[in-house]
Amino acid sequence: MTAETSQTLDRGLRVLKLLADTDHGLTVTELSNKLGVNRTVVYRLLATLEQHALVRRDLGGRARVGLGVLRLGRQVHPLVREAALPALRSLAEDIGATAHLTLVDGAEALAVAVVEPTWTDYHVAYRAGFRHPLDRGAAGRAILSARQKPALEPGYTLTHGELEAGASGAAAPLLGVTGVEGSVGVVMLADAVPERVGPRVMDAAREVAEALR
């Protein structure tokens, strides 16, 4: 800590990060051990975060992330979308297919940014806000592949007809971006994805990841 930073705020943010990394919540004792502070400090931090709906405690006393973070999270998508648009535009124009940035939203994949090519006679209509299960479509499958191989670069994922009849998709996961789980991909009307598309999608995913760091 430096003279310009707040120790209390730092601890509160660390609490939120710890809770975000667990599906089962944490007890006061567990938080105390992880933070290296006494239980009284943890109680005060949790009480303050609860007042802002950023933390909730269940009947068993385990603390979890509260619904208040959703209000903060709504402001994240526009920032992410703005950072990703240049790489998506380049990808869409280069490939001649609809490019998209997809993020995890619960158990679903959510398209938060979409760019359609300007020079093609036809292309797949794909809109921001479109949702689908993570285990269907190239975008969601690419995200799942990164979860399964966190220490490796999973490469790209190809699918055909999983979300729309006659459409093929290619996507690569975003890697190395703290707090963001997603993928970059394209969708096209084709029976198969051309060979050059997969590596090009991976390049675009790296560009977006770099813009978000």
Side-chain angles (χ1 to χ4, degrees), residues 6 9-10 12-21 49 51-56 64-120 123-134 136-147 156-157 163-164 167 169-188 200-213:
S6 166
L9 179 57
D10 177 73
L13 293 173
R14 288 169 63 194
V15 167
L16 288 176
K17 289 179 179 179
L18 287 169
L19 296 179
D21 287 338
L49 292 169
Q51 287 182 349
H52 296 276
L54 298 176
V55 164
R56 62 184 175 86
R64 303 172 187 270
V65 173
L67 294 177
V69 301
L70 294 178
R71 291 193 293 273
L72 300 177
R74 292 191 190 103
Q75 304 306 314
V76 173
H77 285 174
L79 297 175
V80 173
R81 182 166 54 247
E82 183 178 352
L85 282 177
L88 294 180
R89 287 194 190 99
S90 176
L91 177 62
E93 294 299 318
D94 186 15
I95 299 300
T98 302
H100 54 84
L101 169 67
T102 298
L103 300 182
V104 172
D105 187 23
E108 296 181 312
L110 171 65
V112 299
V114 176
V115 176
E116 298 178 353
T118 60
W119 57 269
T120 55
H123 52 261
V124 176
Y126 198 82
R127 296 288 179 261
F130 177 65
R131 295 174 177 272
H132 60 85
L134 282 173
R136 293 185 60 195
R141 290 187 182 276
I143 293 168
L144 293 177
S145 72
R147 287 182 179 178
Y156 57 88
T157 299
L163 296 176
E164 185 174 342
L174 294 175
L175 300 174
V177 184
T178 302
V180 176
E181 190 179 22
S183 65
V184 171
V186 294
V187 58
M188 60 185 67
R200 180 63 182 85
V201 165
M202 289 180 65
D203 289 341
R206 293 189 194 101
E207 291 177 34
V208 172
E210 185 64 30
L212 293 175
R213 290 189 185 118

A.B. asks: Have a look at Leu54 and tell me which of His52, Gln51, Arg56 forms a side-chain contact (heavy atoms from CB on, under 4.5 Å) with it.
C.D. replies: His52

A.B. asks: Applying side-chain contact (heavy atoms from CB on, under 4.5 Å) to Arg131 and Asp105, what does each step give before you reach the verdict?
C.D. replies: CA-CA 9 Å; Arg131 295 174 177 272; Asp105 187 23; 2.7 Å; yes

A.B. asks: Under a 3.5 Å distance rule, please check whether Ser183 uses its side chain to pair with a backbone N or O of Ala139 as donor and acceptor.
C.D. replies: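 Yes; at least one donor-acceptor contact below 3.5 Å.
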
A.B. asks: Could you check if a side-chain atom of Ile143 sits within less than 4.5 angstrom of a side-chain atom of Leu134, using non-hydrogen atoms only?
C.D. replies: yes

A.B. asks: So which atom in Ala92 and which in Pro117 form the shortest heavy-atom distance, rounded to 0.1 Å?
C.D. replies: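 Heavy-atom minimum between the residues: O-CB, 3.5 Å.
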
A.B. asks: Can you measure from NE2 (His123) to OG1 (Thr118) and round to the nearest 0.5 angstrom?
C.D. replies: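 Between atom NE2 of His123 and atom OG1 of Thr118 there are 9.5 Å.
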
A.B. asks: Please lay out, stage by stage, how Glu116 and Arg89 fare under the test salt bridge (Lys or Arg N to Asp or Glu O under 4.0 Å).
C.D. replies: CA-CA 8 Å; Glu116 298 178 353; Arg89 287 194 190 99; over 6 Å; no

A.B. asks: Taking all non-hydrogen atoms of both residues into account, name the closest pair between Gly140 and His132 and its distance.
C.D. replies: N-CE1, 3.8 Å

A.B. asks: Can you tell if the side chain of Arg64 reaches within under 4.5 Å of the side chain of Leu19, non-hydrogen atoms only?
C.D. replies: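 Not in contact.
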
A.B. asks: Any side-chain heavy atom of Leu212 sitting closer than 4.5 Å to one from Val80?
C.D. replies: yes

A.B. asks: Rounded to the nearest 0.5 Å, what's the gap from CG on Leu91 to CG on Asp203? Could you check?
C.D. replies: 9.5 Å

A.B. asks: One pair to check against side-chain contact (heavy atoms from CB on, under 4.5 Å): Leu101 and Leu174. What are the steps and the verdict?
C.D. replies: CA-CA 9 Å; Leu101 169 67; Leu174 294 175; 3.8 Å; yes

A.B. asks: Say you draw a straight line from CD of Glu164 to CZ of Phe130; how long is it, rounded to the nearest 0.5 Å?
C.D. replies: 8.0 Å

A.B. asks: Once rounded to the nearest 0.5 Å, what's the spacing between atom OG1 of Thr120 and atom CD1 of Ile95?
C.D. replies: 12.0 Å

A.B. asks: Given side-chain contact (heavy atoms from CB on, under 4.5 Å), test Val114 with Thr98 step by step and report yes or no.
C.D. replies: CA-CA 7 Å; Val114 176; Thr98 302; 3.5 Å; yes

A.B. asks: Could you check whether Arg200 and Ser90, counting side-chain N and O atoms only, form a donor-acceptor pair closer than 3.5 Å?
C.D. replies: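 Checked: Ser90/Arg200 side chains pair up, N/O donor to acceptor below 3.5 Å.
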
A.B. asks: Do Arg136 and Leu163 have side-chain heavy atoms sitting under 4.5 Å apart?
C.D. replies: yes

A.B. asks: Write down the atom of Val208, the atom of Ala84, and the distance for their closest heavy-atom approach.
C.D. replies: CG1-CB, 3.9 Å

A.B. asks: Which pair of non-hydrogen atoms, one from Ala142 and one from Ser145, has the smallest distance, and what is that distance?
C.D. replies: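 Here Ala142 and Ser145 meet closest at O-OG, 2.6 Å.
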
A.B. asks: Which atom names give the shortest non-hydrogen contact between Ala167 and Val124, and what distance separates them?
C.D. replies: CB-CG2, 4.4 Å

A.B. asks: Any sub-3.5 Å donor-acceptor pair from Trp119's side-chain atoms to Glu93's backbone N or O?
C.D. replies: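 Side chain of Trp119 to backbone of Glu93, a donor-acceptor pair under 3.5 Å: yes, one is there.
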
A.B. asks: List the atom of Ala205, the atom of Pro173, and the distance in Å for their closest heavy-atom pair.
C.D. replies: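 For Ala205 versus Pro173, the nearest heavy atoms are CB-O, 3.8 Å.
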
A.B. asks: Out of curiosity, Arg14 CZ to Leu9 CG, how far, rounded to the nearest 0.5 Å?
C.D. replies: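 Arg14 CZ to Leu9 CG: 12.0 Å, rounded to 0.5 Å.
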
A.B. asks: Taking Val55 as the fixed residue, which of Val69, Val65, Leu49 is the one that meets the side-chain contact (heavy atoms from CB on, under 4.5 Å) rule?
C.D. replies: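 Among Val69, Val65, Leu49, the one that satisfies the side-chain contact (heavy atoms from CB on, under 4.5 Å) with Val55 is Leu49.
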
A.B. asks: With rounding to the nearest 0.5 Å, note down the distance linking NE2 in His100 to CG in Leu88.
C.D. replies: 9.0 Å

